[in-house]
Amino acid sequence: MNTKLRTTPALAWVCALTLLAQPTARAADTVGSLLPLSLDELLATPVVTASRRAEGREQTPSHIMVFTREQMRDRRYKNLADLLEDLPGVDFQRATRSSQYNNFVFQGHVSNNKILILLDGVRIDHPAGGKIPVAENFSLHFAKQVEVLYGPAAALYGADAFAGVINIITDKPGERPEGKVAAGAGNFGSLEGNFLVSSPLVAGFALTASAHYQESDRAPLDKYYPNSYPKVAAGTKPAAQREDYVGDMSSQSQYLRLDYRDDVTVAFYRNRFRSLTSTGDNPASVFYLSDAFWDTTIDTWSGKYRFQPFESLKAELVLDHSNYEVDPRTRYINKVTNFENHGYDYAYARRRGIEQNLNWQVNERHVLLAGLGYKDFYAIETPDLPWSYSTDKGPRGQGMRYANQPGLPLQIFDARYYSWSGYLQWQAQWTPTISTMVGGRQDWYSTYGSSFNPRLGITWRPTQSNVLKLLYGEAFRTPSPEESYSAFGTFSSGAPNGRSFRAPNTKLEPEKSRNLTLTWDWRPRTDINIVTNAYIAEVENVITTQSGDSDSPCPFNPALKQGENQYIPGATLCSSSTKKNSGSDQYKGIDIIPQWRTHISGPWSADFWGSYSFVSGMVKETSNGIARDQINIARHKVKLGITFRYQDWITITPRLQWIGETNTGSSLSPTSSERIKTDAYTVASLHLGVHKLAGERLSFYFDVYNLFDERYYAAHTSSSSSVLQAVPQQPRTWMGTLEYRF
């Protein structure tokens with residue numbers, strides 16, 4: 001079996017829609033200029049994520065960054081992973097995890113379950129708050145702009161808006177049909193394609209449709225990093241019979257939007273990602289097999305109805321339905337499964353919600369925002385399965401037994417719960433130079449009760465070129481079904497005595513954070529903008545993996561302790577682990593973000609951007625435990641880029657990143673606060689674009705990643721001996737792409 005998703009439907013749609021669109025082609029100068037916005041125009045781009053209403057960047061006390069369609073095109077942010085990797089304050093580790101693939105840290109907060117990913121304000125990441133792959137599956141080919149809100153936003157968005165919010169914003173169709181189609185190919189078997197079409201229909205209706213497909217074999221890393229991937233014995237395979245390394249992956253997404261005037265929008269979004277469950281593991285602990293993969297799909301339906309009860313009051317009713325599912329064929333073949341074929345996995349989550357939002361312009365100086373919402377959830381979590389989960393039988397109809405224990409029915413967990421929420425926010429413009437924001441939100445969950453999260457901020461503009469922002473906010477992250485209900489372990493033959501099992505914990509409580517940020521937005525010249533964002537955060541009730549044992553001795557081995565949660569009837573579990581709210585974190589840091597747009601000479605102009613980031617974090621897994629360095633962060637990071645532009649014909653964009661030593665998940669010793677680190681590295685990419693070809697409708701892009709073919713490593717999150725603490729990264733790769741606009 002090949003892990004790549006099927007290409008036929010996506011490519012067929014690309015070809016068919018390209019042919020159908022030819023009669024509607026119109027003059028290229030009405031498609032949209034390739035010329036950039038001025039810096040003034042760029043900074044004046046309205047944002048909606050900070051306050052759930054359109055406003056200028058200088059009007060909100062939140063630190064927010066905006067990336068326009070033109071910036072994403074020139075910098076070649078083809079997907080959310082590309083954009084995140086270049087963001088200030090973000091540590092990004094590619095291809096280090098078996099189930100979530102990429103890992104990233106957002107201003108000290110580890111993993112993607114600490115931020116919300118929205119599409120036009122509707123959540124499109126894990127519907128119940130778990131970890132997901134954030135990679136090529138979140139394509140940006142259809143985005144008008146992307147807004148990145150830094151800091152807690154639970155006062156507006158509720159659960160899991162812990163470290164920030166990413167909002168992908170799309171366009172309503174214009175007055176005429178238009179679109180684009182793109183196809184690309186590169187080394188290591190890399191292929192990708194996408195299309196976007198939009199058109200008015202009849203009687204006020206308009207339709208937008210898009211899709212993308214991507215696949216890659218990726219580089220044979222055992223050839224480029226032989227010391228990291230030696231041929232060693234594993235399971236019953238001697239070293240001489242070991243397989244070659246494989247690391248292929250693929251992704252796809254589809255988006256459909258139907259608008260009725262400005263009143264109603266109905267949308268559907270799907271993304272899917274497949275990678276190998278051997279990702280990040282060392283050769284002694286896993287078999288590298290293309291048919292041992294992790295495959296996830298997320299579907300989100302949404303509907304919005306906008307109305308205006310009276311002139312100063314705007315209202316929006318939002319309905320959404322989201323499903324997350326792991327392909328039942330997903331499986332592990334590694335040391336945990338004794339290299340046998342009984343490591344299948346399955347998970348499912350569903351969220352349904354309704355929310356009524358109100359925006360009241362009290363007068364020209366005061367605005368009130370309010371909302372009420374309800375959501376219900378359902379989730380399934382399985383342990384390692386002896387064969388594929390049957391989706392038509394339900395969790396209690398699988399008829400499975402634990403491996404080596406045919407008399408023990410396998411325990412599969414599911415859960416139903418719901419939540420209510422209400423929020424209120426008041427924004428006031430007291431003088432032409434001072435404004436404030438005060439807000440709060442109450443969330444109540446049937447699983448653990450209520451959580452109130454306030455947000456308070458002030459914005460001061462002492463001069464025309466300086467804006468100062470101070471913001472305090474609190475947030476909470478709900479325990480995901482994976483944390484509450486995941487369980488795994490393997491029995492030996494004989495008596496049903498289990499060691500080192502993971503036990504579920506259904507009494508987990510939310511993690512809680514408090515953040516204080518200070519932002520200085522400075523315009524020393526009309527063509528230069530420098531933003532400085534300093535922050536400090538404290539997190540309590542952090543969910544960590546701890547011993548799940550009681551004080552009672554183990555019946556089959558008195559040297560061990562018996563597990564507290566004997567969740568498998570008929571078995572005895574000892575020396576077990578479980579998730580607990582036992583930890584605490586502290587982070588502090590600063591991001592300095594310059595941008596300079598200038599005319600060089602004649603037809604040439606340039607757009608320079610960059611960032612310097614410092615972050616320091618300490619974590620404690622228990623209240624009296626050792627305070628250790630936060631994992632997966634480099635204390636110092638520099639990210640630079642510049643786009644040279646020859647009118648709207650040619651763009652040349654080199655990008656450079658210097659990432660300092662990065663903490664792995666392992667400590668120097670059991671009593672040390674210091675982590676083992678990966679080496680600092682510098683990596684560059686080069687992106688070329690030639691436009692206005694073939695009647696000014698065609699563009700050609702050539703992208704080179706890891707331009708100087710460096711050998712560098714990303715830090716792994718785990719301290720396990722089964723993983724590579726320093727995960728080898730891709731050598732030089734390239735991709736050529738043709739894009740046709742109509």
Side-chain angles (χ1 to χ4, degrees), residues 4-22 24-25 31-32 34 67-83 117 119-120 124 133-146 168-171 173 177-186 189-199 207-216 249-257 267-274 297-300 687 689-691 693-694 697-703 705 733-742:
K4 296 173 185 174
L5 307 175
R6 294 185 179 273
T7 64
T8 304
L11 293 182
W13 273 105
V14 170
C15 296
L17 284 169
T18 303
L19 292 173
L20 289 172
Q22 295 306 310
T24 67
V31 173
L34 293 171
F67 298 90
T68 65
R69 179 186 288 121
E70 167 255 332
Q71 288 177 305
M72 291 185 284
R73 182 192 65 232
D74 292 346
R75 300 179 188 184
R76 304 302 286 155
Y77 297 154
K78 294 188 285 186
N79 51 68
L80 207 50
D82 293 341
L83 190 151
I117 302 175
L119 177 59
D120 292 321
I124 57 169
V134 178
E136 285 77 357
N137 51 327
F138 285 95
S139 176
L140 299 176
H141 71 279
F142 63 106
K144 172 188 174 184
Q145 67 187 48
V146 176
I168 303 169
I169 297 171
T170 65
D171 249 342
E178 61 181 322
K180 64 177 182 176
V181 60
S190 298
L191 297 171
E192 63 183 28
N194 65 71
F195 75 85
L196 170 66
V197 293
S198 63
S199 177
L207 181 67
T208 302
S210 77
H212 104 277
Y213 176 82
Q214 171 273 333
E215 65 178 45
S216 178
M249 46 80 76
S250 54
S251 67
Q252 63 176 243
S253 67
Q254 296 88 39
Y255 174 62
L256 188 68
R257 169 176 170 166
F268 170 74
Y269 176 74
R270 166 181 290 173
N271 81 48
R272 185 178 177 187
F273 187 78
R274 181 179 290 187
T297 300
I298 302 175
D299 291 344
T300 304
H687 310 277
V690 182
H691 311 290
L693 305 172
R697 300 183 185 282
L698 187 69
S699 293
F700 173 71
Y701 299 95
F702 190 73
D703 305 302
Y705 303 90
T733 61
W734 57 264
M735 172 73 71
T737 305
L738 285 172
E739 179 182 281
Y740 183 76
R741 297 177 301 281
F742 50 86

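When a residue number appears, it is its place in the shown sequence, counting from 1.
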| said: Ignoring hydrogens, what is the shortest heavy-atom contact between Pro133 and Asn137? Give both atom names and the distance. | reply: O-ND2, 3.1 Å
| task | Could you check Phe702, Tyr701, Tyr705, Trp734 and say which one makes a ring-ring contact (aromatic ring centres under 6.0 Å, His included) with His687? | result | Tyr705
| Quick one: are Leu698 and Val690 in side-chain contact, heavy atoms under 4.5 Å? | no
| task | Ignoring hydrogens and angles, state whether a donor on the side chain of Ser198 or Arg257 is under 3.5 Å from an acceptor on the partner side chain. | result | no
| task | Identify the heavy atoms of Phe742 and Val181 that sit nearest to each other, and give their distance. | result | CE2-N, 4.2 Å
| Contact check, side chains of Phe138 and Ile124, non-hydrogen atoms, under 4.5 Å | yes
| query | Do Asp120 and Ile169 touch side chain to side chain, with heavy atoms closer than 4.5 Å? | reply | yes
| said: With heavy-atom distances below 4.5 Å as the criterion, would you say the side chains of Met249 and Ser216 are in contact? | reply: yes
| query | Taking all atoms of both residues into account, what is the closest heavy-atom pair of Ser199 and Pro173, and its distance? | reply | N-CB, 3.9 Å
| Flag side-chain contact, heavy atom, 4.5 Å: Ile117 against Leu80 | yes
| remark: Residue set satisfying side chain to side chain donor-acceptor pair (under 3.5 Å) with Glu739, at least two apart, ordered chain then number -> none
| Under the side chain to side chain donor-acceptor pair (under 3.5 Å) test, residues paired with Asp299 that sit two or more places apart | Arg270
| request: Tell me, please, which residues at least two apart from Thr300 pass side chain to side chain donor-acceptor pair (under 3.5 Å). | output: Ser322
| request: Could you go through the side chain to side chain contact (heavy atoms under 4.5 Å, CB included) check for Gln214 and Lys78 one step at a time? | output: CA-CA 11 Å; Gln214 171 273 333; Lys78 294 188 285 186; over 6 Å; no
| Which is it for Glu136 and Glu192 under the side chain to side chain contact (heavy atoms under 4.5 Å, CB included) test, yes or no, and what are the steps along the way? | CA-CA 10 Å; Glu136 285 77 357; Glu192 63 183 28; over 6 Å; no
| Side chains of Leu119 and Tyr255: closer than 4.5 Å at any heavy-atom pair? | yes
| field | Check: Asn79 and His212 side chains under 4.5 Å, non-hydrogen atoms | value | no
| query | Backbone N or O of Lys180 within a donor-acceptor pair of the His141 side chain at under 3.5 Å? | reply | no
| said: Pair Ile168, Leu140 - check side chain to side chain contact (heavy atoms under 4.5 Å, CB included), show working. | reply: CA-CA 8 Å; Ile168 303 169; Leu140 299 176; 3.9 Å; yes
